[in-house]
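Order of listing sets the numbers, starting from 1, for every ligand and every atom in it.
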Amino acid sequence: MTTTDSPVRLRAVSAPDQPDVTPALRELYRGFEQELLVPLWTEIGDLMPAHPQSRAVPHLWRWENLLRLAAQAGDIVPVGRGGERRAIALANPTLGGRPFATPTLWTAIQYLMPGENAPEHRHTQHAFRFVVEGSGVWTVVGGDAVPMNRGDFLPQAGWNWHAHHNATSEPMAWIDGLDIPFQYVTEAQFFEFGRDEISDAERITPERSRSERLWAHPGLTPIAVTHTTPGSPLLSYKWEYTDRALSDQLLLEKEGYAGTVEPGHAAVRYSNPTDGRDVLPTIRVEVHRVARGIETATVRETGSSVYQVFDGSGTVTVGDHTWSVTRGDLFVVPSWEPFSVRSEAGITDSDSQALDLFRFTDAPVFETLRLNRQETTR
Ligand code: GTQ
Ligand code: FE2
């Protein structure tokens, strides 16, 4: 309870350790204010809570609404130097209207009209793209043109030059994930403009990027290549491989072998082929497949997640919120909020007859700082 605008809060005497509000106490707190001092005893509950209490809340964004508004922006808002990208970010309702999906993670829908180019730039923020539907855009990372198709995951570690171009006659939408909110608090960001137009030699449309030809062979590392920059050198993880990994896990389970997270729940993490670690220094990315009729255990962990439904339908519970979700829908799980899903038959049948969830988190940061904690209840 605040009795003045003073940074020092004069609390009602509720706890035994709080002093009586006397003229002497008011005088003391005025002294604190004048010298820009704040005592611990009025702040401790907020500063040092017994368990995480996220400033963010669970929230769901419907893909059909995002897509409709992005298409509208496509008609009205040009893309070019300065604004850089036609990207529209999810703003968690309790993060002050800032474009932050969670306190650490940026999530946006990006939209490119036929023939459009998003100019080249680079920044320290680590990024990725994920495609829930559509095709036709190539992202050019360090001069390497990488195709984007449904289910493809494209990591792009900080400080790589990148531009995007739509080579088709159809608009395309996808989602971007970045650590913009996290880097915002670090005050260590850098940004540089590149060329306004990439060269014709780069504005090409190969089916596979050079990075995939070098790095996308399971268990095989090119001997003559040393990779020293942060994050994965593989610029696209194609859906074909992810899909097979997930369906194999479920088949192995049927045959009585281990591999799934829990019965009917397969999951994979995208990893850096040079060291097996997370694809990006600050962001972990996973895909989960929950078989029809399966309900997962309830998990809560420190750090926040953003999910996008890739395929199928089901019911998602995050803390006190429960939503029916379908293809493309996005939702956030704030730190320490209990999370579970149930895979159900939807209006439209899914390709995999299951609920496929794309997920990204800030887990690498929490693990590095030894702040990771997890609790599972069945
Ligand atoms: O595509 O380069 O959503 O730099 C936010 C910042 C996308 C991008 C975003 C970016 C980009
Ligand atoms: Fe960028």
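Listed by first and then second residue, the ring-ring contact (aromatic ring centres under 6.0 Å, His included) pairs that reach into residues 279-305 are His265-His288, sequence neighbours excluded.
Within a radius of less than 2.8 Å around the Fe ion (ligand 2), the protein N, O or S atoms are His121 NE2, His123 NE2, His162 NE2.
Using the six-membered ring where Trp is involved, His162 and His164 have ring planes that are tilted, between 30° and 60° apart.
Tested against Ile175 for a side chain to side chain contact (heavy atoms under 4.5 Å, CB included), the candidates Leu90, Val132, Leu330 yield a single pass: Leu330.
Summarising the local packing, CZ of Arg277 is surrounded by 12 or fewer heavy atoms from other residues, nucleotides or ligands at distances under 6.0 Å. More than 12 heavy atoms of other shown residues, nucleotides or ligands fall within 6.0 angstrom of atom CZ in Arg68.
Residues passing the ring-ring contact (aromatic ring centres under 6.0 Å, His included) test with Phe360 are Phe128, sequence neighbours excluded.
Remark: Arg98 is positioned above the aromatic ring of Tyr184, its terminal NZ or CZ atom under 6.0 angstrom from the ring centre and at most 45 degrees off the axis. Arg150 forms a cation-pi arrangement with Phe310, by the criterion of a distance under 6.0 Å to the ring centre and an angle within 45° of the ring axis.
Checked against the 6.0 Å centroid threshold, Phe191 and His121 count as a close aromatic pair.
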Please tabulate protein-ligand N/O pairs under 3.5 Å for ligand 1, atom names and distances to 0.1 Å.
from     : atom 1 : to     : atom 2 : distance (Å)
ligand 1 : 1 (O)  : Arg85  : NE     : 2.9
ligand 1 : 1 (O)  : Gln110 : NE2    : 3.0
ligand 1 : 1 (O)  : Arg129 : NH1    : 3.1
ligand 1 : 1 (O)  : His164 : NE2    : 2.7
ligand 1 : 2 (O)  : Arg85  : NE     : 2.8
ligand 1 : 2 (O)  : Arg85  : NH2    : 3.3
ligand 1 : 2 (O)  : His121 : NE2    : 3.0
ligand 1 : 2 (O)  : His162 : NE2    : 2.9
ligand 1 : 3 (O)  : Trp106 : NE1    : 3.0
ligand 1 : 3 (O)  : Asp176 : OD2    : 2.8
ligand 1 : 4 (O)  : His121 : NE2    : 3.0
ligand 1 : 4 (O)  : His123 : NE2    : 2.9

